[in-house]
Amino acid sequence: MEKLYKCIEYGDFNEALEIVQNSRIKDVEETLIKAMFETRSMIPYTIVCHLISHNENASLHHMASVMLSQPLCIIPGSYQCSLFHLKQAMRLDPYNIDLKEYFLFFYGNPDKLITIEEAIDMANFILSVDSNNQTALRFLSEAI
């Protein structure tokens with residue numbers, strides 16, 4: 001992943017695309033998010049957007065969402081953009097419970113990007129699939 005880190009430093013999007021296509025997505029995500037925390041650069045996010053334009057999938061949208069809600073959260077509008085990417089990820093992978101759990105995070109955001117009704121509905125959906133889901137149970141116990 002050292003080569004990918006170099007691509008980030010130099011903004012070499014095409015080389016980054018080639019590296020990512022031949023790498024495990026978890027390794028890519030760790031490298032890009034680590035780079036963002038270390039540099040506060042938008043380049044890793046732009047690389048992910050470039051990747052999405054070539055091969056849109058839930059994993060890449062989720063990665064973009066995490067980038068915007070964590071290392072880039074100081075940028076105005078980042079949470080709204082993060083929620084957009086998460087909704088795209090959920091559209092592409094509608095049965096992924098991890099994405100639905102992450103959706104609940106946005107209710108706790110100071111901007112209240114989702115309504116209490118949306119959050120409760122999502123928590124109840126999660127529990128319909130996994131009745132012991134701790135994230136959903138904790139959310140409902142605190143929200144109600």
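What you see is a predicted model, and the numbers here were worked out from it, not measured in a lab. Positions are given from 1, in the same order as the sequence printed here.
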Please tell me whether M42 and F84 are part of a single hydrophobic cluster in this structure, the criterion being side-chain heavy atoms less than 4.5 Å apart. no

Which distance, rounded to the nearest 0.5 Å, do you find between the CD1 of I8 and the CD of E15? 12.0 Å

Pick from L32, V28, D27, V48: which one makes a side chain to side chain contact (heavy atoms under 4.5 Å, CB included) with V20? V28

Hey, is NZ on K3 packed in by over 12 heavy atoms from elsewhere, all under 6.0 Å? no

Would a distance-only check, ignoring hydrogens and angles, find a side-chain to backbone donor-acceptor pair under 3.5 Å from S23 to I19? yes

Could you verify whether a donor N or O on one side chain and an acceptor N or O on the other, from Y107 and E142, lie under 3.5 Å apart? no

Can you name the ring pair (Phe, Tyr, Trp, His ring centres under 6.0 Å) partners of F105, sequence neighbours left out? Y102

Would you please test I114 and N109 for side-chain contact (heavy atoms from CB on, under 4.5 Å) and show each step? CA-CA 9 Å; I114 61 172; N109 184 285; over 6 Å; no

Shortest non-hydrogen contact between I116 and A143, atoms and distance: CD1-CB, 3.8 Å

Backbone of S78 reached by a side-chain donor or acceptor of S82 within 3.5 Å: no

At what distance, to the nearest 0.5 angstrom, does CG of L68 lie from CE of M36? 6.5 Å

From CG (L51) to OG (S59), nearest 0.5 Å: 11.5 Å

Do I97 and V66 land in one hydrophobic cluster if side-chain heavy atoms of ILVMFWY residues count as linked below 4.5 Å? yes

For N96, which residues count as a side-chain hydrogen bond (donor to acceptor under 3.5 Å, both in side chains) partner, sequence neighbours excluded? D93

Working to the nearest 0.5 Å, report the span between SG of C49 and CE of M63. 11.0 Å

Ignoring hydrogens, what is the shortest heavy-atom contact between I126 and A136? Give both atom names and the distance. CG2-CB, 3.8 Å

Could you tell me whether a side-chain N or O of R40 sits under 3.5 Å from a main-chain N or O of P71, the two making a donor and an acceptor? yes

Are M122 and L137 connected in the hydrophobic side-chain network, where two residues link if heavy atoms are under 4.5 Å apart? yes

Could you tell me whether the side chain of H85 reaches within less than 4.5 Å of the side chain of H62, counting heavy atoms only? no

Residues passing the side chain to side chain contact (heavy atoms under 4.5 Å, CB included) test with K6, sequence neighbours excluded, are E2, E9, Y10

Got a donor-acceptor contact below 3.5 angstrom from the E118 side chain to the T115 backbone? yes

Between E30 and K26, does at least one N-O distance fall below 4.0 Å, as a salt bridge requires? no

Suppose we screen for salt bridge (Lys or Arg N to Asp or Glu O under 4.0 Å). Which residues come up paired with K87, at least two apart in sequence or across chains? none

Closest heavy-atom contact between M67 and P44? CE-O, 3.8 Å

side-chain hydrogen bond (donor to acceptor under 3.5 Å, both in side chains) partners for N133, two or more places apart: E101

Contact summary for A119 and F139, nearest pair of heavy atoms: CB-CZ, 3.2 Å

What's the separation between atom NE2 in H61 and atom CD1 in I52, rounded to the nearest 0.5 Å? 4.5 Å

Looking at CD1 of I33 and CD of Q70, how far apart are the two atoms once the value is rounded to the nearest 0.5 Å? 6.5 Å

Please confirm whether the backbone N or O of S53 pairs with a side-chain atom of N55, one donor and one acceptor, at under 3.5 Å? no

Quick check against the 3.5 Å criterion: does N22 have a side-chain atom that pairs as donor or acceptor with the backbone of E18? yes

Are H50 and Y45 linked by a side-chain donor-acceptor pair shorter than 3.5 Å? no

Could you see if Y5 belongs to whatever hydrophobic cluster contains I25? Use Ile, Leu, Val, Met, Phe, Trp, Tyr and a side-chain cutoff under 4.5 Å. no

Using modelled atom types only, decide if a donor and an acceptor are shared between the side chain of S131 and the backbone of L127 within a distance under 3.5 Å. no

Note, Y95 side chain near V129 side chain (heavy atom, < 4.5 Å): no

For side-chain contact (heavy atoms from CB on, under 4.5 Å), just list the numbers for C7 and F13, CA-CA rounded to whole Å, side-chain angles, deciding distance to a tenth of an Å, and then say yes or no. CA-CA 7 Å; C7 291; F13 302 117; over 6 Å; no

For residues L86 and L99, report the shortest heavy-atom separation together with the two atoms involved. CD1-O, 3.7 Å

Residues that E56 engages under salt bridge (Lys or Arg N to Asp or Glu O under 4.0 Å), provided they are two or more places apart: R91

Common cluster, I43/L17, ILVMFWY with side-chain heavy-atom separation under 4.5 Å: yes

